[in-house]
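Chain letters run A, B, ... following the sequence lines, proteins first, then strands; residues in each count from 1. Since we're looking at a predicted model, the values are computed, not measured.
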2 protein chains.
Amino acid sequence: MRTPTELTEAFRARGLKVTPQRQLLFRLLHGNTQHPTAEALFATASAEMPGISLRTVYQTLADLASMGELQQVAFGSGPTRFDPNVDEHHHVVCDRCGAVRDVWVDGIADLRMAPLDGFEPSVTEIVLHGRCAACAATEPTASTVPPINQPTS
Amino acid sequence: MRTPTELTEAFRARGLKVTPQRQLLFRLLHGNTQHPTAEALFATASAEMPGISLRTVYQTLADLASMGELQQVAFGSGPTRFDPNVDEHHHVVCDRCGAVRDVWVDGIADLRMAPLDGFEPSVTEIVLHGRCAACAATEPTASTVPPINQPTS
DNA sequence: TGCTCGTTCGCACGACTTGCGAACACTCAC
DNA sequence: GTGAGTGTTCGCAAGTCGTGCGAACGAGCA
Ligand SMILES: [Mn+2]
Ligand SMILES: [Mn+2]
Ligand SMILES: [Zn+2]
Ligand SMILES: [Zn+2]
């Protein structure tokens, strides 16, 4: 995602208005590596702008996504995450606390996949499931946060 | 997933009853490579057993999943898919028609991933997004089915 | 056959997201 | 600076997908 200043220009160039709500979200998202949910952004935004609506957060996120400034990522269960990093990269997900981190993967071109039967893949998505460092250090059974589903294979 | 006959024994061995509804779902799922949704299974099951409840379909799928006979898979958007193939494998998803196919990927162990920062991955999930053979043959814009979201990176 | 306990099923509810439209406010022309 | 005009905000209703609940039911066993 571009900087708040650049987005301000980009929005106006498209005939879109630059409102205080949008500016706030530009700031909250720029450089954000948390992969926040809409609710999480709404909570943070509300602290700074008490009247802001969750509806507006969803709306602005959709606008940014349609402009290619934002990536929407969904992992198995739970709400959609929003990712201002639109470069090609992948993710590690902690199935205990739900934390998501960016990961860069090298060697994807060397993967051998079959059978494709005429299927034409355009995007290879890799998600590593497991435990983050903090969660790996604690009991395997303890959990205070609803876990994210993990494939059983 | 094991055969309907084996599942019948496995259910009774656990003190679970083998009802006509369950037997029907055992049959509909065994060897099924469609990655069907609960609704899709409900529709198929209803043709054969008109009174069956969607609630029972969900319930039985959850039972099978908790026994490790079934894998639940979610792709970006849309409802959960159920996969009787619990071997380690991966998926290709047509973002136009939503079709899902199994794919086996070789070379995963050679992938280089960084930075992991203490994260301990246990499962590597690979999803190839693109167009199935049938959809690749038609107009890129034509669509009669709501597409599955595709990551923008 | 009859008892018992797990199952089924309809309905209400929950989580997450989107549709809708009236009130509002950013822009720009003047 | 002011006003007109168009895009935006926001609350509420509705939509989608899935789960909690409990009364009626029926599979399995003595
Ligand atoms: Mn990311
Ligand atoms: Mn599969
Ligand atoms: Zn964690
Ligand atoms: Zn297709």
Side-chain angles (χ1 to χ4, degrees), chain A residues 4 7-26 35-43 45-46 48-67 70 72-82 98 145-149, chain B residues 4 7-26 35-43 45-46 48-67 70 72-82 98 145-149:
Chain A
L7 287 175
T8 294
E9 290 176 33
F11 267 59
R12 280 207 262 258
R14 287 194 170 211
L16 302 178
K17 294 173 180 174
V18 178
T19 65
Q21 290 90 339
R22 284 178 172 173
Q23 287 174 301
L24 173 52
L25 287 166
F26 293 171
H35 303 80
T37 64
E39 287 280 359
L41 287 163
F42 173 61
S46 294
E48 200 165 326
M49 184 184 288
I52 195 172
S53 162
L54 176 58
R55 189 69 187 82
T56 299
V57 173
Y58 272 111
Q59 182 62 53
T60 300
L61 291 171
D63 292 341
L64 286 165
S66 78
M67 291 173 67
L70 215 53
Q72 297 186 220
V73 198
F75 302 101
S77 75
T80 300
R81 309 272 193 140
F82 294 87
V145 174
I148 288 192
N149 279 352
Chain B
L7 287 175
T8 294
E9 291 177 32
F11 266 60
R12 282 208 259 257
R14 287 193 170 211
L16 302 176
K17 293 175 180 173
V18 178
T19 64
Q21 290 90 340
R22 284 178 174 172
Q23 288 175 302
L24 173 53
L25 287 165
F26 294 170
H35 303 81
T37 64
E39 288 281 359
L41 287 163
F42 172 60
S46 293
E48 201 164 326
M49 184 183 288
I52 194 171
S53 161
L54 176 59
R55 189 69 187 81
T56 298
V57 174
Y58 272 112
Q59 182 62 54
T60 300
L61 291 171
D63 292 341
L64 286 166
S66 77
M67 292 173 66
L70 215 54
Q72 297 186 221
V73 199
F75 303 101
S77 76
T80 300
R81 309 265 192 148
F82 294 87
V145 174
I148 287 192
N149 280 351

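Under 4.0 angstrom from either OP1 or OP2 of C:dT8 there lies at least one side-chain N or O belonging to B:Thr19. Regarding contacts with the backbone of D:dC17, every side-chain N or O of B:Thr80 stays at 4.0 angstrom or more from both OP1 and OP2. Residue A:Ser53 places no side-chain N or O under 4.0 Å from the OP1 or OP2 atom of D:dT9. Of the side-chain N and O atoms in B:Thr37, none sit less than 4.0 angstrom from OP1 or OP2 of D:dC17.
Scanning both residues, A:Phe82 and A:Thr37, for their nearest heavy atoms gives CD1-C, 4.3 Å. Of all the heavy atoms in A:Ile52 and A:Ser46, the pair that sits closest is CG2-OG, 3.8 Å.
Taking CG of B:Leu70 as the start and CZ of B:Arg81 as the end, the distance is 13.5 Å to the nearest 0.5 Å.
Comparing C:dT17, C:dT7, D:dT8 by their closest approach to the side chain of B:Leu16 singles out C:dT7. Closest to the side chain of B:Pro79, from the set D:dG28, D:dT9, D:dG18, is D:dG18. Checked against D:dT9, C:dC16, C:dT8, the side chain of A:Gln21 finds its nearest nucleotide in D:dT9.
When the C1' atom of D:dC25 is taken as reference, atom NZ of B:Lys17 falls 10 Å away, rounded to whole Å. Atoms CD1 (B:Ile52) and C1' (C:dT7) sit 12 Å apart, rounded to a whole Å. Atom CD of A:Gln72 is separated from atom P of C:dC16 by 15 Å (rounded to the nearest Å). Here the P atom of nucleotide D:dT8 and the CZ atom of A:Arg14 are 11 Å apart, to the nearest Å. A:Arg22 places its CZ atom 10 Å from the C1' atom of C:dC26, with the value rounded to the nearest Å. Put simply, OH on B:Tyr58 is 15 Å from C1' on C:dC9, counting in whole angstrom units. Taking atom CE on B:Met49 and atom C1' on D:dG26, their separation rounds to 13 Å, with Å as the unit. Atoms CG (B:Leu54) and P (D:dG20) sit 15 Å apart, rounded to a whole Å.
When the nearest nucleotides of DNA chain D are assigned to B:Glu39 and B:Val18 by heavy-atom distance, the more 5′-ward of the two goes with B:Glu39.
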Report task. Mind running side chain to side chain contact (heavy atoms under 4.5 Å, CB included) on A:Glu48 and A:Leu24 for me, showing each step along the way? Result -> CA-CA 8 Å; A:Glu48 200 165 326; A:Leu24 173 52; 3.6 Å; yes

Query raised in the report: Can you list the steps and then say if B:Asp63 with B:Leu16 is a side chain to side chain contact (heavy atoms under 4.5 Å, CB included)?
Result: CA-CA 10 Å; B:Asp63 292 341; B:Leu16 302 176; 5.6 Å; no

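Looking at B:Arg55, its side chain comes within 3.5 Å of the base of D:dG20 through a donor and an acceptor atom.
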